[in-house]
Amino acid sequence: MEDKNSTPYLIDVDHISKSFEDLHVLKDVTLKIKPKEVVVIIGPSGSGKSTLLRCMNGLETPTSGTVYFDGIALNSEDNLNKVRTEVGMVFQRFNLFPHMTVIKNIMLAPMKVRKVSKEEAYARGMKLLEKVGLKDKANAMPSQLSGGQQQRVAIARALAMKPKALLFDEPTSALDPEMVHDVLDIMKEVAMEGMTMVVVTHEMGFAKEVGTRVLFVDHGTILEEGTPEEVFDHTREERTKNFLSKVL
Ligand code: ADP
Ligand code: MG
């Protein structure tokens, strides 16, 4: 239960299980992630991928076992508050604040949580918008942007907090096909800059190209894991083969 003072892992999921009443969603999952890793999670719908991701930033509490983030156990309100500001999350549905301009969406958390000055938050926000190719949309409202553009803003907003890790839950699943590429390109760029990332996705091209490790989650367990080459080209488990035959 104690914090770990020194650990090589940024995210240390230690034998967690999660049940919703009598539905056992995660079953004794252990997953250790070092800084700068890009871990891609694949698997069928309902297998527990989102729940696993949500346990990593304290949005869900495991029924048993512990998640450590940067050595801090996510088992008290105090610790959760410390960690939540260090982990960015990008969801399937762009959850920008609808009543705020793009730039205000990005400036809000750094000013409120990190106590960054308005000027600095603005300067940093504009830089991030430039990075995601949307500098000219700074004063637009989210509803004036396409889904892909909104998702790029969501990534910029997450980066504005200078998080230690970014979690993505099917960030391109709700996008029109022609928007997917732009979002994946930005994720790739962020990965190349050394961000620690955990990405739930059905984009196998991204998994192969950017993933340092691929996990196949099935029925609440990590059934198979390895390098992209191991999982895609030398698949061991029948269930993984079956899943890949449907998505590739
Ligand atoms: P995936 O992301 O792989 O599709 P999820 O982690 O979202 O899977 O869900 C796994 C299972 O847990 C599903 O059967 C889902 O209905 C159930 N589940 C997820 N969240 C809750 C919740 N808050 N309450 C009850 N059941 C849930
Ligand atoms: Mg999910």
Side-chain angles (χ1 to χ4, degrees), residues 11-33 38-67 69 74-75 77 80 83-84 87-96 147-148 150-151 154-155 158 165-177 179-180 183-184 187 196-208 210-211 213-226 228 231-232 235 237-248:
I11 302 172
D12 182 348
V13 175
D14 192 25
H15 294 284
I16 65 164
S17 296
K18 175 70 180 176
S19 304
F20 296 105
E21 314 217 308
D22 48 11
L23 182 67
H24 302 295
V25 176
L26 296 176
K27 299 163 191 162
D28 195 26
V29 172
T30 290
L31 169 61
K32 294 170 189 299
I33 301 173
V38 179
V39 175
V40 176
I41 300 178
I42 61 173
S45 178
S47 57
K49 305 181 300 296
S50 294
T51 304
L52 175 57
L53 213 57
R54 291 162 63 81
C55 284
M56 289 184 203
N57 68 348
L59 282 176
E60 296 283 2
T61 309
T63 314
S64 65
T66 307
V67 176
F69 186 88
L74 304 191
N75 57 8
E77 231 7 79
L80 278 172
V83 164
R84 280 203 184 112
V87 192
M89 184 136 177
V90 177
F91 299 88
Q92 180 173 349
R93 300 245 161 230
F94 354 104
N95 49 341
L96 300 175
Q150 288 185 46
Q151 203 58 314
I155 294 172
L166 271 185
L167 312 180
F168 295 84
D169 195 355
E170 300 199 25
T172 60
S173 296
L175 301 180
D176 292 333
M179 311 274 174
V180 169
V183 172
L184 292 177
M187 289 168 61
T196 308
M197 296 179 19
V198 186
V199 184
V200 175
T201 186
H202 297 295
E203 293 292 334
M204 298 301 147
F206 177 88
K208 282 184 187 173
V210 185
R213 194 163 21 141
V214 176
L215 312 181
F216 176 66
V217 170
D218 193 36
H219 295 296
T221 63
I222 298 171
L223 188 66
E224 179 157 5
E225 73 172 286
V231 174
F232 293 117
T235 317
E237 301 286 338
E238 269 325 300
R239 291 223 294 269
T240 317
K241 283 180 193 165
N242 184 34
F243 174 78
L244 289 175
S245 73
K246 288 179 197 151
V247 293
L248 282 177

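As the structure lists them, so they are numbered: ligands from 1, and atoms in each ligand from 1. Because the structure is predicted, anything quoted here is derived from the model rather than measured.
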Is it true that a side-chain atom of [X] and a backbone atom of [Y] form a donor plus acceptor pair closer than 3.5 Å?
X	Y	answer
T63	S19	yes
E224	V231	no
R84	G58	yes
K49	V217	no

To the nearest 0.5 Å, how far apart are [atom1] in [X] and [atom2] in [Y]?
X	Y	atom1	atom2	value
K18	T61	NZ	OG1	5.5 Å
L184	M179	CG	CE	13.5 Å
K27	S64	NZ	OG	13.0 Å
F168	T201	CZ	OG1	10.5 Å

Q) With a 4.0 Å cut-off on heavy atoms, is G220 touching ligand 1? A) no
Q. Does G43 come within less than 4.0 angstrom of ligand 1, counting non-hydrogen atoms of the residue?
A. no
Q. Does G48 reach ligand 1 with a nitrogen or oxygen that is under 3.5 Å from one of the ligand's nitrogen or oxygen atoms?
A. yes
Q. So, for H202 and G43, which heavy atoms are closest and what is the spacing to 0.1 Å?
A. CE1-O, 3.7 Å
Quick one: which ligand 1 atoms are inside 4.0 Å of a heavy atom on [X]?
X	value
P44	3 (O)
T51	5 (P), 6 (O), 9 (O)
L23	12 (O), 14 (O), 17 (C)

For [atom], which protein heavy atom lies nearest, and how many Å away is it?
atom	answer
atom 4 (O) of ligand 1	G46 N, 2.7 Å
atom 27 (C) of ligand 1	F20 CD1, 3.3 Å
atom 7 (O) of ligand 1	S50 CB, 3.6 Å
atom 12 (O) of ligand 1	V25 CG2, 3.1 Å

Q: Please indicate, with yes or no, if any protein heavy atom is found under 4.0 Å from atom 22 (C) of ligand 1?
A: yes
Q) Does the protein put a heavy atom under 4.0 Å from atom 16 (O) of ligand 1? A) no
(Q) With respect to the Mg ion (ligand 2), please indicate if S50 possesses an N, O or S atom at a distance under 2.8 Å. (A) yes
